[in-house]
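Lettering of chains follows the sequences in order, A, B, ..., and the numbering in each one begins at 1.
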Amino acid sequence: MKAFAALYTALDETTKTSVKVEALAGYFRAVPPEDAVWALHFLIGRRIKRLIETRKLSDWAMAQAGVPEWIFAECYAAVGDLAETIALLLPPPVTCSARPLREWVEERLLPLRQWPDDKQRESLLAAWNEMDERQRFVWNKLITGAFRVGVSQSLVARALAQVSGLSAEVIAHRLMGDWRPEASFYAQLIAQDTGDAAVSQPYPFFLAHPMEGEPEGLGDPTQWVAEWKWDGIRCQVIRRQWQTFVWSRGEELVTDRFPELASLGAFLPEGTAIDGEILPWNGNAPLPFALLQRRIGRKLLGPKILAEVPVVLQSYDLLEWGGEDVREWPLEKRRAQLAELVTALAPTGRILLSEPVPFESWESLTELRRQSRARGVEGFMLKRAGSPYRVGRKRGDWWKWKIEPWSVDCVLTYAQPGHGRRAGLMTDYTFGVWSNGELVTFAKAYSGLTNEEIARVDAWIRRNTLEKFGPVRRVKPELVFELAFEGIQLSPRHKSGVAVRFPRIARWREDKPASEADTLDTLRALSSN
Amino acid sequence: MPLLQVDSDGLWCEAGGFHIDPWNPVPKALLTHGHSDHARPGSHAYLAGDPSRGVLRLRLGPEAHIETLPYGAPLTLGATRVSFHPAGHVLGSAQIRVECRGEVWVVSGDYKLSPDPTCQPFEPVRCHTFITESTFGLPIYRWDPAPQVFDSINAWWRSNREQGLCSVLFAYPLGKSQRLLAGLDPAIGPLFCHGAMEKMNAVYREAGVPLPETAFTGEPVRGKSWSGAMVIAPPSAQGSSWMRRFGPVSTAMASGWMRIRGRRRHRPMDRGFVLSDHADWPELQQAIHETGAETILVTHGYREPMVRWLTGLGKQARSLETRFDAEDAE
Ligand SMILES: [Zn+2]
Ligand SMILES: [Zn+2]
């Protein structure tokens with residue numbers, strides 16, 4: 001546990017991926033396989049269901065620390081995390097344990113659920129008493145099933161690649177599917193290559209550059225192909241040797257996050273690689289990206305979220321066909337082959353073709369671009385006719401021509417502290433716009449400012465609080481922010497009569513006095529176009 | 001009328017005709033210490049503890065009219081007798097004792113009880129009413145002993161040196177920086193300070209506080225290697241172009257807030273060391289207890305929980321609204 005808590009701390013303390021990989025590799029080299037495999041289990045986000053109600057945990061911690069409930073609540077508000085609050089509040093430990101992770105997990109953690117209350121309590125108090133604050137924090141997180149650490153599966157794979165001498169792709173592949181946290185699995189994981197290396201390998205993605213200036217600069221419009229720019233997750237779907245691999249642009253294997261695409265894979269001919277976008281789709285139009293984000297945030301994909309946010313593959317390029325690399329084929333030839341394939345697979349309901357948008361002139365395309373918002377897309381992609389599929393960020397053949405998001409300038413009216421990473425800082429804001437000389441609340445937003453700005457806004461709020469209602473503070477109507485959002489609807493349920501979707505802070509308008517913020521009429525006008 | 005009360009300019013003493021740590025310019029200001037939320041320029045005349053003379057001169061400018069008193073020496077002001085007593089916070093920091101017709105009030109300013117070689121230790125002063133800070137007034141705030149913290153800072157520096165990195169440690173220029181310098185092991189490598197610190201270091205050395213040798217970071221020099229060095233810089237330098245000259249760095253911050261993971265992660269830094277020039281929860285309790293005061297007025301930080309806690313212990317406790325902004329000063 002000591003080594004695992006130290007690893008957690010090292011990973012938590014740095015933002016540099018190289019340092020994280022180094023720390024992971026160092027840990028895996030130092031511990032026996034039966035500990036390594038449990039660490040792996042937790043690191044890649046597999047969880048144990050909560051073993052104990054948090055209520056009991058807090059009660060026992062309060063009793064042990066000798067503090068009343070109200071002060072526990074104050075501490076929790078300042079820390080923003082229950083496991084950490086308990087770790088910090090408990091009296092200092094009596095001894096420091098050297099028990100290995102496997103023993104803690106298998107003998108002290110997993111049996112907790114079947115034990116009666118008094119045995120649970122006794123075991124927990126004993127554990128807390130032999131752990132320092134860092135170990136306690138990790139332990140509490142494991143007990144409550146909320147352990148999370150800032151490493152991706154691909155980072156863990158890189159570290160294990162370093163330890164084993166295998167490639168990170170092989171490790172990522174071996175980590176897929178079902179496995180039990182047992183020493184034998186860990187041994188197989190780092191065993192020398194058994195020929196599974198090249199099977200899953202994706203192609204490097206070709207990336208578009210943002211367009212500068214007007215499309216006229218691109219010259220003859222007949223030399224360009226336009227497609228709507230979809231707001232999803234860029235991916236490659238690969239079918240080789242009766243296996244399907246879905247790779248995200250971060251070169252992370254996400255096959256098990258998208259069962260829809262995994263099952264689509266079974267219909268693909270052997271030796272196929274498709275480039276496209278994972279889109280949340282309601283049957284005939286894209287759903288907002290934020291819904292997809294919500295789905296990605298879930299560790300467990302239940303039937304409810306799968307039904308609420310189904311995905312399709314919006315395909316736009318073909319990279320491998322019949323086991324052959326076809327990236328040098330001209331765009332038209334790749335697309336024609338892809339179109340034929342998509343037509344054949346249409347009955348699965350899992351794949352679409354991102355059709356070219358016909359246009360006569362740059363003016364007519366500019367006109368069409370105004371439909372972007374209504375169609376739920378981000379603008380256009382422009383691809384040079386006849387071009388091959390290139391590697392990386394090479395300029396010239398692919399351009400993205402995005403629309404600006406909707407935005408208004410509004411005034412900060414209420415604030416309250418955030419949770420987790422932003423604990424204790426005022427980060428949850430409520431905004432208003434002017435209507436008949438009064439500020440009407442119309443949106444709440446949490447994100448979008450830099451850390452430095454958050455600190456300054458926080459200090460300002462503390463000095464300019466007019467009233468407090470519990471954690472909520474009404475502040476002087478003085479600070480102006482530009483708020484961007486995805487959609488706007490008239491809504492009788494809101495005082496302002498309008499509701500915006502997915503609002504976020506675009507920037508802090510320090511140059512604007514509150515009197516110059518936008519009005520409710522401006523918002524209403526936006527909703528009508 | 002209470003002996004001290006908050007008016008629009010600060011903590012006002014009617015009987016003595018002076019303010020303590022005023023936030024607006026006033027005729028007569030008594031200062032607890034040099035942090036910017038307590039010592040603000042513009043007042044006509046200042047009175048403070050002797051060892052803070054250099055600090056206040058630097059902070060308030062060459063024109064300011066500053067007088068000082070040795071710790072413990074009484075002075076009559078109007079109907080009151082005032083004296084300054086060490087607060088253990090930073091060089092020259094004082095608790096201000098105000099006595100009037102047998103009634104004694106003590107204004108703590110900011111304070112800590114843990115030992116610090118760069119300033120005189122906190123001295124408990126008996127009083128009827130104690131005005132205490134409560135920056136870290138929650139029981140989650142509990143500091144490890146300073147030597148343990150310095151061991152881990154030195155270990156971090158050593159490991160950076162081995163990897164060829166320059167260590168950059170962010171800390172506030174007055175107090176925290178000098179305490180760090182005094183605790184760092186100069187055998188590990190050369191020590192450099194941002195200009196803001198060097199000026200304050202000179203003031204400390206002049207006051208007789210022994211600090212290891214440091215050098216000013218100076219103008220960027222092409223080709224100079226910073227590998228293995230320790231640089232102490234104000235938090236505002238973080239992410240600025242000033243940082244570029246050091247090449248590959250590992251960064252850290254030393255502050256009491258670093259005890260909270262959310263606060264540590266809030267800044268894009270490699271390490272956060274828990275080192276504060278304010279009292280932690282047990283120290284606050286101890287200090288308040290040792291004054292013997294029946295009435296406690298609470299400023300700074302977590303006021304409401306502290307008031308409720310003290311009330312629960314049977315004391316008269318109230319929150320006092322001031323403009324001492326501990327988050328900027330820490
Ligand atoms: Zn201070
Ligand atoms: Zn202060």
Side-chain angles (χ1 to χ4, degrees), chain A residues 8-10 12-16 18-20 22 62 65-68 70-81 83-92 132-134 137 141 150 417-427 450-452 454-456 458-463 465 468, chain B residues 23 37 136-145 148 152 156 159-160 163 165 235-236 238-240 248-253 257-274 280-282 300-306 308-309 312 321-329:
Chain A
Y8 175 85
T9 307
D12 196 46
E13 273 175 346
T14 184
T15 50
K16 297 183 184 118
S18 61
V19 179
K20 290 189 186 198
E22 221 33 72
M62 276 183 255
V67 296
W70 67 266
I71 211 161
F72 186 85
E74 291 278 358
C75 292
Y76 177 55
V79 173
D81 181 282
E84 188 184 355
T85 307
I86 292 175
L88 296 179
L89 256 182
L90 289 167
D132 65 18
E133 282 151 6
R134 286 173 171 179
F137 172 67
K141 283 281 178 198
H419 282 285
R421 209 165 82 78
R422 305 255 155 105
L425 289 159
M426 296 289 160
T427 54
T450 66
N451 285 342
E452 183 262 340
I454 288 174
R456 282 169 51 219
D458 177 78
W460 183 90
I461 289 169
R462 289 172 200 280
R463 280 195 303 271
T465 300
K468 282 192 199 175
Chain B
W23 41 83
D37 55 328
F136 292 105
L138 283 177
I140 41 171
Y141 294 107
R142 194 173 57 214
W143 314 143
D144 285 333
Q148 201 174 313
S152 57
W156 167 71
S159 126
N160 291 338
Q163 297 166 61
L165 301 174
S236 58
Q238 196 198 332
S240 72
V249 294
S250 179
T251 54
M253 169 100 182
W257 299 112
M258 295 297 109
R259 180 138 163 103
I260 307 297
R261 177 167 172 267
R263 300 266 188 161
R264 281 199 301 277
R265 292 175 56 81
H266 185 60
R267 293 170 178 273
M269 269 174 322
D270 298 312
R271 295 293 292 273
F273 297 106
V274 186
D280 65 1
W281 172 263
H300 276 78
Y302 294 101
R303 283 176 303 178
E304 288 92 353
M306 182 59 92
R308 188 164 169 191
W309 178 264
E321 188 91 29
T322 61
R323 296 212 202 146
F324 308 139
D325 195 337
E327 302 215 8
D328 296 343

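For B:W281, the part sitting under 4.5 Å from any heavy atom of chain A is the side chain, from C-beta outward, and nothing else. For B:Q238, no part lies under 4.5 angstrom from a heavy atom of chain A.
Comment: A:E84 does not engage B:R265 in a salt bridge, judged by the lack of any side-chain N to carboxylate O separation of less than 4.0 angstrom. A:D12 and B:R261 are joined by a salt bridge, as a carboxylate oxygen and a charged side-chain nitrogen come within less than 4.0 angstrom of each other.
The shortest side-chain heavy-atom distance between A:I86 and A:F72 falls under the 4.5 Å cut-off. Inter-residue side-chain proximity for A:I71 and A:L89 is flagged as unmet; no heavy-atom pair is nearer than 4.5 Å.
Between chain A and the options B:R271, B:R264, B:E304, B:R142, heavy-atom pairs under 4.5 Å are most frequent for B:R142.
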